[in-house]
Amino acid sequence: MNNREIAEIFHSIADILEIKSENPFRIRAYRKAAQTIEDLPQSIKDIHTNGKLSDIPGIGEGIAGKISELIQTEKLKEYEEIRKSVPSGLLEMLNISSVGPKTVALIYKELDITSVEGLEKAVKDHKLAKFPGMGEKKEENILHGIKILRETKERIPIYEAEVIAENIISLLRKVPTVQNISIAGSLRRRRETIGDIDILIASKNSEEVMNVFTTLPQVEEILAKGNTRSSVRIDGGRQVDIRVVQEDSFGTALHYFTGSKAHNIRIRELGIKNNLKINEYGVFKRGKEQDEKIGGSKEVDVFKSIGMPYIPPEMREDRGEIEAGLSGTLPKLIKIDNLRGDLHVHSNWSDGTNSIEEMAEAAMERGYRYIAICDHSKSLKIASGLDEKQLVERQKEINKLNNKYRNFQILSGVELEIHINGELDFSDDVLETLDVVVGAIHTGFSQDENVNTSRIIKAMENNYVDIIAHPTGRLLGKREGYKIDIPAILKTAGDTGTALEINAFPERLDLADIYLQEAKEKGAKFAINTDAHSISQLDFAKFGIGVARRGWLEKQDVINCLDIDELQKSLGTS
DNA sequence: GCCGTTTTCGGCCCGACTGTTTTCAGTCG
């Protein structure tokens, strides 16, 4: 049983307990544990083997025991039992907007309904309205919620969300009373996929902002409209929430609206311990008569009030950032401006759409000092991989261009196929002629874990392989990564000095944020590469930076923050 | 169910919007 499966069971337990109206804090404990397990870089099995389960924050004696039982018996007796009392269809109903645990409990108890389909039928037959708290409108909302549930894709890639958000922001910015506006929520935290899009606005006239927002051309439906908060569904089905506050609350509201929920709870708890109340309107010193506002316009007010420095949004997941803040050990996160070049792009020599010259000039426009052209190697025929002869020809073109440029260098590279047996597509003699070698797997995904792990490790042990591209091979929302022993790969990266790529292509974002700290501890270095197949895709670098920041990386962890001389020294090609 | 620089027991973030009510419960973020 792997991390995700165990996390899912705890999520289900939380859902069941909610329907049963159990202690909300007990429910919160299960959800927290589930989330923590989901985010763990190590296999929970290994942690269990080492007897360290209770060392994980949020996992105490009780849940640790349940994890042990799950690992040892693949089952959890307690779960099997409460599951019987609550049919699984009820859990699915919780996903219907406007249907929560109370409603589910009511329709199960009173109408013996156990599925979304059953609920739909009952609502259509108006069997619900007779119960207290229910009515015509509620029935309508449930039917609508069921329709939306069936239509909506779960989460969207970050770049899609960003386009939507920027578009809406540009329209809202035109409202004269808007003084400040910012993306918030998981998009601001740069999570790899986004559910709802959150936008915060400072304005003296919230009514005007709400009216403009709810009548934007892309709005399909108004879900809620109030003085400070409104929600809409836009075409494509996505939900967008905005909050409007006064400018002197913008900072604390931005902190609140950025989340994560777990981070906010921790921060507010610390506030209580310091005799403060922290909400979206400000930081308040608790007084006998009334509370005194001591901050609110700047986000840093929140952190300062509880004695810590500013924590960047990407770190706010309650994964240790609070402790690091209190102890003064927060990292100085990498920034996009730290990048000096891109070490994995394609040209029209293989499957890219632009010439080497065009890629180089686009890189210069973005302030880079170098770019590595890493066309595919010969066995990847579907992507027009280059053979040895073509490499020599391409080198001539690169030399010619390099003679032309000042303060910029094109590095000659390859995205090199790693065969199933770990052999490489080119011999060492050929690899020696290249500046950058990026090893990659594009075939044989279905091999078992040992095969995939050892093929990658073998490639890393080759002296000429500098970087491992998209190390786990996942495609977000489409394909899980290939089966590999990730801790072993991370360790080999540290041992051999082969950098791990953070592939910034929005569908990949691979290596994922949760592995970066662990890899860093093992001595690994990283390369943030776009894998661009056209000049516009060079802009994907920002998504790679988001991943790196979520993984607490600093600029010295990333080899393409080095100046060209240092980089070449580290690649062994100077 | 978790947790402890006041606690091993008694806390556990805080507020907005909707619908059904006539003061509030449920849902959501």
Side-chain angles (χ1 to χ4, degrees), chain A residues 10 13-14 17-19 21-34 36 53-67 78 93-107 128-142 144-145 184-186 195-200 206 210 214 222-232 239-245 249 252-253 255-284 286 291 302 306-307 318 326-327:
Chain A
F10 289 137
I13 291 177
L17 294 178
E18 259 199 309
I19 293 171
S21 282
E22 276 276 350
N23 178 352
F25 300 107
R26 194 171 160 226
I27 295 164
R28 191 167 104 186
Y30 275 109
R31 290 208 194 284
K32 172 93 203 304
T36 303
L53 282 178
S54 301
D55 290 1
I56 304 170
I59 293 184
E61 220 175 300
I63 291 184
K66 295 183 210 298
I67 295 171
E78 203 181 311
M93 282 184 216
L94 288 174
N95 297 323
I96 302 169
S97 160
S98 82
V99 174
K102 303 288 177 198
T103 310
V104 169
L106 175 88
I107 58 181
L128 228 62
K130 62 180 176 186
F131 294 106
M134 298 289 143
E136 203 179 325
K137 191 76 192 167
K138 181 85 179 173
E139 286 190 330
E140 254 174 55
N141 286 344
I142 292 175
H144 190 65
S186 56
D196 300 340
I197 291 162
D198 300 311
I199 298 169
L200 178 72
S206 79
M210 294 307 183
T214 51
I222 300 167
L223 300 170
K225 188 179 175 190
N227 264 332
T228 66
R229 211 190 84 200
S230 291
S231 292
V232 300
Q239 183 176 328
V240 182
D241 299 336
I242 69 167
R243 290 215 53 160
V244 180
V245 296
S249 295
T252 40
H255 178 264
Y256 148 75
F257 211 25
T258 297
S260 65
K261 191 168 186 173
H263 169 91
N264 284 354
I265 289 174
R266 290 289 310 278
I267 292 286
R268 288 175 177 193
E269 280 172 355
L270 279 173
I272 292 171
K273 284 189 181 135
N274 287 282
N275 201 31
L276 300 169
K277 184 171 77 173
I278 300 171
N279 60 26
E280 54 264 55
Y281 300 107
V283 179
F284 302 88
R286 288 180 192 271
D291 298 337
V302 173
I306 49 175
D318 190 21
L326 287 172
S327 65

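In what follows, chains are A, B, ... by sequence order, proteins preceding strands, each numbered from 1.
Residues that satisfy the salt bridge (Lys or Arg N to Asp or Glu O under 4.0 Å) test with A/R229, not counting sequence neighbours, are absent from this structure. By the salt bridge (Lys or Arg N to Asp or Glu O under 4.0 Å) test, A/E136 is found to be paired with no residue, residues two or more places apart in sequence or in another chain being considered. By the salt bridge (Lys or Arg N to Asp or Glu O under 4.0 Å) test, A/K32 pairs with A/D318, sequence neighbours left out. Listed by chain and residue number, A/N23, A/R28 satisfy the side-chain contact (heavy atoms from CB on, under 4.5 Å) test with A/F25 (two or more places apart in sequence, or in another chain). The salt bridge (Lys or Arg N to Asp or Glu O under 4.0 Å) search around A/K137 returns A/E140, not counting sequence neighbours. When the side-chain contact (heavy atoms from CB on, under 4.5 Å) test is applied to A/K66, the partners found at least two apart in sequence or on another chain are A/F10, A/Y30, A/L76, A/E78. Remark: A/N279 pairs with A/R268, A/K277, A/Y281, A/F284 by the side-chain contact (heavy atoms from CB on, under 4.5 Å) rule, at least two apart or across chains.
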Restricting to nitrogen or oxygen on both sides, can you table the protein-nucleotides 4-11 of chain B pairs closer than 3.5 Å?
none

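Residue A/S230 is out of contact with every strand shown, counting any heavy-atom pair closer than 4.0 Å. At a threshold of 4.0 angstrom between heavy atoms, the contacts of A/I27 with the nucleic acid are absent. Note on A/L270: nothing from the nucleic acid sits closer than 4.0 angstrom, heavy atoms only.
One C1' atom belongs to B/dG19, the other to B/dT8, and the distance between them is 44 Å to the nearest Å. Using atom P as the reference point in both B/dC9 and B/dA16, the two lie 37 Å apart (nearest Å). Straight-line distance between the P atoms of B/dG26 and B/dT21: roughly 13 Å, to the nearest whole Å. Distance noted for atom P between B/dC13 and B/dG4: 14 Å (whole Å). Only the C1' atoms considered, B/dC12 is 13 Å distant from B/dT7, to the nearest whole Å. Using P as the reference atom, B/dC14 and B/dT20 are 31 Å apart when rounded to the nearest Å. To the nearest whole angstrom, the two C1' atoms, one in B/dT23 and one in B/dT18, are 15 Å apart. When the C1' atom is used for both B/dT22 and B/dG29, the distance is 27 Å, rounded to whole Å.
Under the 4.5 Å side-chain criterion, counting only non-hydrogen atoms from C-beta, A/I267 is in contact with A/I278. In this structure, A/F257 and A/D241 have side chains that are in contact, with non-hydrogen atoms separated by less than 4.5 Å. Residues A/L94 and A/V99 form no side-chain contact, since every pair of their non-hydrogen atoms from C-beta on lies 4.5 Å or further apart.
Between the CD1 atom in A/I197 and the CD1 atom in A/I242 there is a gap of 13.0 Å [rounded to 0.5 Å].
Of the residues in residues 260-268 of chain A, A/K261, A/I265, A/R268 come within less than 4.0 Å of DNA chain B through at least one heavy atom, sorted by number.
Set against B/dG1, B/dG26, B/dC14, the side chain of A/N279 has B/dC14 as its closest nucleotide. Distance from the side chain of A/P101 is smallest for B/dT27 among the nucleotides B/dT27, B/dC17, B/dG1. Comparing B/dG29, B/dG19, B/dG15 by their closest approach to the side chain of A/D241 singles out B/dG29. Among the nucleotides B/dC17, B/dG29, B/dC12, the one closest to the side chain of A/Q239 is B/dG29. When distances run from any side-chain atom of A/K102 to the nucleotides B/dG29, B/dC14, B/dG26, the shortest one goes to B/dG26. Picking from B/dT27, B/dG29, B/dC13 the nucleotide with the shortest atom distance to the side chain of A/D196 gives B/dG29. In this structure, the nucleotide among B/dG26, B/dC28, B/dG19 sitting nearest to the side chain of A/T103 is B/dG26.
Put simply, A/Y281 has no side-chain N or O that comes within less than 4.0 Å of OP1 or OP2 on B/dC13. Phosphate proximity of B/dA16 to A/R229: absent, as no side-chain N or O sits under 4.0 Å from OP1 or OP2. Between A/T228 and B/dC17 there is a side-chain polar atom (N or O) within less than 4.0 angstrom of OP1 or OP2. Residue A/R28 places at least one side-chain N or O under 4.0 Å from the OP1 or OP2 atom of B/dC13. Taking side-chain N and O atoms only, A/K66 has a distance below 4.0 Å to OP1 or OP2 of B/dG1.
Nucleotide B/dT18 holds its P atom 13 Å from the NZ atom of A/K138, rounded to whole Å. Protein atom CD of A/E280 is 13 Å distant from nucleotide atom C1' of B/dC17, rounded to whole Å. To the nearest angstrom, P of B/dT27 lies 12 Å from CD1 of A/I96. A/N227 has its CG atom 10 Å from the P atom of B/dT18, to the nearest Å. Separating the CD1 atom of A/I199 from the C1' atom of B/dG29 is a distance of 15 Å, rounded to the nearest angstrom. Counting to the nearest Å, the C1' atom of B/dT20 and the CG atom of A/L106 are 14 Å from each other. Per the geometry, CD1 belonging to A/I278 stands 15 Å off P belonging to B/dC12, to the nearest Å. Following rounding to the nearest Å, A/H255 (NE2) and B/dG29 (C1') show an atom-to-atom distance of 15 Å.
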As a quick check of understanding, evaluate side-chain hydrogen bond (donor to acceptor under 3.5 Å, both in side chains) for A/N141 and A/E139, giving each step before the final call. CA-CA 5 Å; A/N141 286 344; A/E139 286 190 330; over 6 Å; no

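Residue order along DNA chain B, read from the 5' end via each residue's closest nucleotide, puts A/A29 first among A/E136 and A/A29. A residue-by-residue look at A/M134 and A/P57 shows that A/P57 has its nearest nucleotide of DNA chain B further toward the 5' end.
When both distances must be under 3.5 Å, the Watson-Crick or G-U wobble mate of B/dG26 is B/dC17.
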